[in-house]
Student: 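This is the structure I have questions about; it appears just below.
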Amino acid sequence: MAYWLFKSEPHSFSIEDLMRRSPEPWDGVRNFQARNFLRAMKRSDLGFFYHSSCATPAIVGEVEVVREHYPDVTAWDPENHHYDRRASAANPIWSVVDVAFRARYREPVTLAALKACPELAGMRLLARGNRLSVLPVTETEWRIIRALAHAS
DNA sequence: GCCAACGTTGGC
DNA sequence: GCCAACGTTGGC
């Protein structure tokens, strides 16, 4: 069992969107490192859902990986914002997993709260210059953050 | 809107 | 293979 963090800008795809329609493919990832994390995910792995580029960046809930990686067809669609002309059925390049909604925190665990927690100092999300939209989370981090979420 | 950090591209 | 230019991300 592994743990992950999925980043999304809520104005484009929020946890409320996932609540309305779940499971959904986590598509549009166009960074090789993030893609490799998608490919490493196993069915029943759990993840945090993080809202970025918004008024209060925060972990807002939890998701579960319900289908392991398969080709991201949005990369082949010229109409799609994430179109990649190098990608095709023969050479998919990019991958998705399906994620299902699992929980929405009554009180999100804000980025400020994460930074304020000394035990989370080593978290990849908090690393300088981090921009990956899919990140691994350690089991310890998972437990600490869950405790923060349930304490509020 | 600003700016730092990073990945990618393309000329050489 | 180097590296400058550029585009993107994301917090503030």
Side-chain angles (χ1 to χ4, degrees), chain A residues 2-22 24-41 45-65 69-99 101-138 140-142 144-149 151-152:
Chain A
Y3 302 95
W4 308 93
L5 181 142
F6 295 83
K7 240 187 239 182
S8 183
E9 303 185 11
H11 64 82
S12 85
F13 186 74
S14 69
I15 195 160
E16 289 78 16
D17 294 324
L18 184 64
M19 288 171 77
R20 279 190 287 272
R21 196 169 60 172
S22 167
E24 273 283 278
W26 196 268
D27 60 23
V29 170
R30 296 293 180 266
N31 171 286
F32 287 104
Q33 225 181 320
R35 182 206 66 180
N36 293 342
F37 288 138
L38 289 176
R39 290 185 176 181
M41 291 178 187
D45 279 358
L46 299 174
F48 289 125
F49 196 122
Y50 178 83
H51 281 174
S52 68
S53 293
C54 56
T56 308
I59 292 173
V60 293
E62 297 172 14
V63 301
E64 178 179 338
V65 176
H69 75 91
Y70 58 100
D72 185 348
V73 298
T74 69
W76 320 341
D77 174 8
E79 303 299 309
N80 192 281
H81 178 63
H82 298 288
Y83 174 63
D84 181 347
R85 62 191 169 83
R86 299 169 300 174
S88 66
N91 181 27
I93 304 182
W94 305 111
S95 299
V96 301
V97 296
D98 284 355
V99 298
F101 172 80
R102 282 295 171 265
R104 181 174 179 269
Y105 296 148
R106 285 183 57 250
E107 293 293 334
V109 181
T110 65
L111 178 60
L114 296 172
K115 284 179 174 173
C117 182
E119 296 169 283
L120 296 175
M123 213 184 156
R124 283 190 77 148
L125 179 71
L126 305 179
R128 200 176 66 114
N130 159 65
R131 297 189 321 175
L132 290 181
S133 59
V134 179
L135 290 168
V137 168
T138 68
T140 305
E141 291 163 352
W142 180 265
I144 293 168
I145 293 166
R146 249 194 178 175
L148 289 176
S152 54

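Note: hydrogens, waters and symmetry copies are ignored here, and every other heavy atom, side chains too, is used. Residue numbers start from 1 in every chain, and the chains themselves are labelled A, B, ... in the order their sequence lines are given, proteins ahead of strands.
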Student: Less than 4.0 Å between a side-chain N and a carboxylate O, is that true for A/Glu141 and A/Arg124?
Tutor: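 No, this pair does not count.
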Student: Between C/dG7 atom C1' and A/His82 atom NE2, what is the distance in whole Å?
Tutor: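 So the two atoms are 14 Å apart, to the nearest Å.
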Student: I want to verify a distance call: between C/dC12, C/dT9, B/dT8, whose nearest atom is closest to the A/Arg131 side chain?
Tutor: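 The closest nucleotide is C/dT9.
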Student: Would you call the rings of A/Phe49 and A/Trp26 parallel, tilted or perpendicular, where under 30° means parallel and over 60° means perpendicular?
Tutor: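 Plane angle over 60°, so perpendicular.
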Student: Check the distance between C/dT9's C1' and A/Asn31's CG and give it to me in whole angstrom.
Tutor: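 Distance check: A/Asn31 CG to C/dT9 C1' gives 11 Å.
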Student: Distance check needed: C/dT9 C1' versus A/His11 NE2, whole Å only.
Tutor: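 My rounded result for the distance is 11 Å.
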Student: Between A/Arg128 and B/dA5, does any side-chain N or O lie under 4.0 Å from OP1 or OP2?
Tutor: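 Checking B/dA5 against A/Arg128, a side-chain N or O does come within under 4.0 Å of OP1 or OP2.
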Student: Can you measure A/Leu114 atom CG to C/dG10 atom P for me and round it to whole angstrom units?
Tutor: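 The answer, rounded to whole Å, is 15 Å.
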Student: Tell me if the NE2 atom of A/His11 is crowded by more than 12 foreign heavy atoms within 6.0 Å.
Tutor: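 Buried by this count: over 12 neighbours within 6.0 Å.
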Student: Within this structure, what is the CH2-to-C1' distance between A/Trp94 and B/dG7, rounded to whole angstrom?
Tutor: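 Answer to the nearest Å: 10 Å.
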Student: A/Arg30 CZ to B/dC6 C1': how many Å, rounded?
Tutor: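 From A/Arg30 CZ to B/dC6 C1': 19 Å.
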Student: Measure the distance from CG on A/Asn130 to P on C/dT9 and round it to the nearest whole Å.
Tutor: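 Checked: the CG to P distance equals 13 Å.
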Student: Whole angstroms only, please: what is the CG-P distance between A/Asp84 and B/dT9?
Tutor: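 It is 8 Å, rounded to the nearest whole Å.
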Student: For the pair A/Trp94 and A/Phe32, evaluate ring pair (Phe, Tyr, Trp, His ring centres under 6.0 Å) and give the outcome as yes or no after the intermediate values.
Tutor: CA-CA 8 Å; A/Trp94 305 111; A/Phe32 287 104; 4.6 Å; yes
Student: Is the distance from OP1 or OP2 of C/dG11 to the nearest side-chain N or O of A/Lys7 less than 4.0 Å?
Tutor: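 Answer is no, no contact under 4.0 Å.
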Student: Below 4.0 angstrom from OP1 or OP2 of C/dT9, is there any side-chain N or O of A/Tyr50?
Tutor: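 It does not, given that no N or O in the side chain of A/Tyr50 lies less than 4.0 Å from OP1 or OP2 of C/dT9.
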